[in-house]
Novice: 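Dumping the structure here so I can ask a few things about it.
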There are 2 protein chains.
Amino acid sequence: MNARERLVEAAQDLLWERGYVGTSPRAIQDRAGAGQGSMYHHFTGKADLARTALQRTADRERAGAEVLLGGGGTALDRLTGYLRRERQVLRGCPVGRHAQDPDLVADPELRAPLETTFTWLRGRLAEVVAEGQQAGELRADVDPAAVAAALVATVQGGYVLARSAGRPEPFAEATEGAVALLAALAR
Amino acid sequence: MNARERLVEAAQDLLWERGYVGTSPRAIQDRAGAGQGSMYHHFTGKADLARTALQRTADRERAGAEVLLGGGGTALDRLTGYLRRERQVLRGCPVGRHAQDPDLVADPELRAPLETTFTWLRGRLAEVVAEGQQAGELRADVDPAAVAAALVATVQGGYVLARSAGRPEPFAEATEGAVALLAALAR
DNA sequence: GTCTATAGATTGATAGAC
DNA sequence: GTCTATCAATCTATAGAC
């Protein structure tokens, strides 16, 4: 693998683990086995490399979610599948974790992967909720977009609860609560 | 106000805005109008001051939530009130925002205010859900603790969605979705 | 209790050889 | 394309005067 590629992957790992402020160019170079000159040859600086890495992480997450949401099963099955999907809970969400970083959200180019990912995800889940309503699986008197936003937020907030507790259980408790609430929409 | 107090309040502000890694002792001193010597006289270092500030922020949030949850109204009213409570959405949650900081969660003393706050909050909301079930307002066939975790997570995740979007609306959409799901438990 | 001076390490970036 | 050397600024903390 070439140096550029190693730099992007090292940046993806470190951004997930340490965030944008917590990740130094030096640390990325060390993990990638590349020198200063190499990094500044391929990228204009830290922000440029971070943007590339973040975009790639966002694309990966989106593709992974689409496999679930566009797969087989009833709408309720797919929504439940999204909530119960296996995740590395204590590592946090590789996309959503950056929402708290003031420098990252202040830069439109760095925030773009976050905005795109969650706008798409909310819209995609809303489609599935609407499908469920049309199929008569779910009550039709709720706003699909609002329910979708609540489900995405439950997952993102689940990471917050688990990391705050230092253990993964609160994440599962939150998503199971969402599954139960969703089931009430089906009765 | 004395220097110690000014340092704690300056640290509370900066930790909320910039997080732990993003806040330097120097920046706290500047905002507090205190010198290096003053800060290191009252606190052993950055972590000690941050712990004090974070604990105070957590106590304030808990007291604010208890006013709502222990107030009047039906259980459903109080749960809805928690979800719809006015918040400074784009600033993020002053407690939950720290869950993504690897240095903070790695230090048990710094993580303690987060763990305590959310453990209490989940438990307190679970009590209200259980009250609602006993009063016949809410269906009794769901786990109160799971529903409570889902509601807290919706709020925490709502911050993530709003900050990722650069606008507050996704927060309100998520909490309204949770309100709608909760209403389905009442029918 | 508060100040200034100082310290060693790290940050993010540039220069220039090869 | 990659390396080493260097840079000014900042980080967190300590020392010691007052």
Side-chain angles (χ1 to χ4, degrees), chain A residues 1-56 97-98 100-111, chain B residues 1-56 97-98 100-111:
Chain A
M1 193 167 33
N2 62 29
R4 188 192 148 90
E5 197 58 25
R6 292 200 312 275
L7 283 163
V8 173
E9 295 192 5
Q12 287 185 277
D13 286 351
L14 284 168
L15 286 172
W16 188 357
E17 187 182 333
R18 311 246 349 131
Y20 184 69
V21 201
T23 299
S24 68
R26 174 67 192 277
I28 300 173
Q29 294 151 21
D30 286 352
R31 177 172 299 215
Q36 299 265 81
S38 186
M39 186 192 121
Y40 285 99
H41 171 74
H42 292 291
F43 302 94
T44 65
K46 175 182 174 175
D48 185 34
L49 172 50
R51 192 180 39 70
T52 304
L54 212 50
Q55 183 61 58
R56 189 176 299 186
R97 61 122 45 243
H98 298 291
Q100 305 305 336
D101 192 305
D103 293 339
L104 192 143
V105 298
D107 181 335
E109 300 225 322
L110 282 171
R111 185 168 58 79
Chain B
M1 194 167 33
N2 63 29
R4 187 192 149 90
E5 197 59 24
R6 292 200 313 274
L7 283 163
V8 173
E9 295 191 6
Q12 285 185 279
D13 286 351
L14 284 168
L15 285 172
W16 188 357
E17 186 183 333
R18 312 246 349 132
Y20 183 68
V21 202
T23 299
S24 68
R26 175 65 193 279
I28 299 173
Q29 295 152 22
D30 286 352
R31 178 172 297 215
Q36 299 265 83
S38 188
M39 186 191 122
Y40 285 100
H41 170 74
H42 292 291
F43 303 94
T44 65
K46 175 181 174 175
D48 185 32
L49 172 50
R51 192 180 40 68
T52 304
L54 211 50
Q55 184 61 59
R56 188 175 300 186
R97 63 120 46 243
H98 298 291
Q100 305 305 337
D101 192 304
D103 292 339
L104 192 143
V105 297
D107 180 336
E109 299 226 321
L110 282 170
R111 184 167 60 77

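A note on names: the letters A, B, ... follow the listed sequences, proteins ahead of strands, and every chain is numbered from 1.
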Novice: Between atom NE2 in A:H42 and atom P in C:dA13, what is the gap in whole Å?
Specialist: 17 Å
Novice: Just jot down the side-chain hydrogen bond (donor to acceptor under 3.5 Å, both in side chains) partners of B:R111, sequence neighbours excluded, or say none.
Specialist: B:E115
Novice: Note the angle between the end axes of the helix from C:dG1-D:dC18 to C:dC18-D:dG1, five pairs defining each, rounded to 10 degrees.
Specialist: 10°
Novice: For A:F43 and C:dT14, what is the distance between atoms CZ and C1' respectively, to the nearest whole Å?
Specialist: 18 Å
Novice: Ignoring backbone atoms, establish whether A:H41 has a side-chain N or O less than 4.0 Å from OP1 or OP2 of D:dC3.
Specialist: no
Novice: Excluding sequence neighbours, so at least two apart, what forms side chain to side chain contact (heavy atoms under 4.5 Å, CB included) with A:P102?
Specialist: B:R18, B:R97
Novice: Grab the CG-C1' distance between A:D30 and D:dC3 for me, whole Å please.
Specialist: 14 Å
Novice: Could I get the full list of side-chain hydrogen bond (donor to acceptor under 3.5 Å, both in side chains) partners for B:Q36, not counting sequence neighbours?
Specialist: B:Q29
Novice: Output all residues satisfying side chain to side chain contact (heavy atoms under 4.5 Å, CB included) with A:Q55, sequence neighbours left out; order by chain, then residue number.
Specialist: A:D59, A:P113
Novice: Tell me which residues in residues 4-12 of chain A put a heavy atom below 4.0 Å from DNA chain D, sorted by number, or none.
Specialist: none
Novice: Can you list the residues that meet the side chain to side chain contact (heavy atoms under 4.5 Å, CB included) rule with B:E109, with sequence neighbours excluded?
Specialist: B:R51, B:D107
Novice: Please list all pairs passing the side-chain hydrogen bond (donor to acceptor under 3.5 Å, both in side chains) test where one or both residues lie in residues 19-28 of chain B, with sequence neighbours left out.
Specialist: B:R26-B:D30
Novice: Could you give all pairs that pass the salt bridge (Lys or Arg N to Asp or Glu O under 4.0 Å) test and reach residues 37-46 of chain A, with sequence neighbours left out?
Specialist: none
Novice: Can you name the residues that form a side-chain hydrogen bond (donor to acceptor under 3.5 Å, both in side chains) with B:R4, not counting sequence neighbours?
Specialist: none
Novice: To the nearest 0.5 Å, how far apart are CZ in B:R6 and CD1 in B:I28?
Specialist: 13.5 Å
Novice: Mind listing the N/O atom pairs, protein and nucleotides 12-18 of chain D, below 3.5 Å?
Specialist:
from   : atom 1 : to    : atom 2 : distance (Å)
D:dT12 : OP1    : B:K46 : NZ     : 2.8
D:dT12 : OP2    : B:P25 : N      : 3.4
D:dA13 : OP2    : B:Y40 : OH     : 3.2
D:dA13 : OP2    : B:K46 : N      : 3.1
D:dA13 : N7     : B:Q36 : NE2    : 3.3
D:dA13 : N6     : B:Q36 : NE2    : 2.1

Novice: Taking salt bridge (charged side-chain N to carboxylate O under 4.0 Å, His left out) as the definition, give me every residue that meets it alongside A:R56, ordered by chain and number, with sequence neighbours left out.
Specialist: A:E5
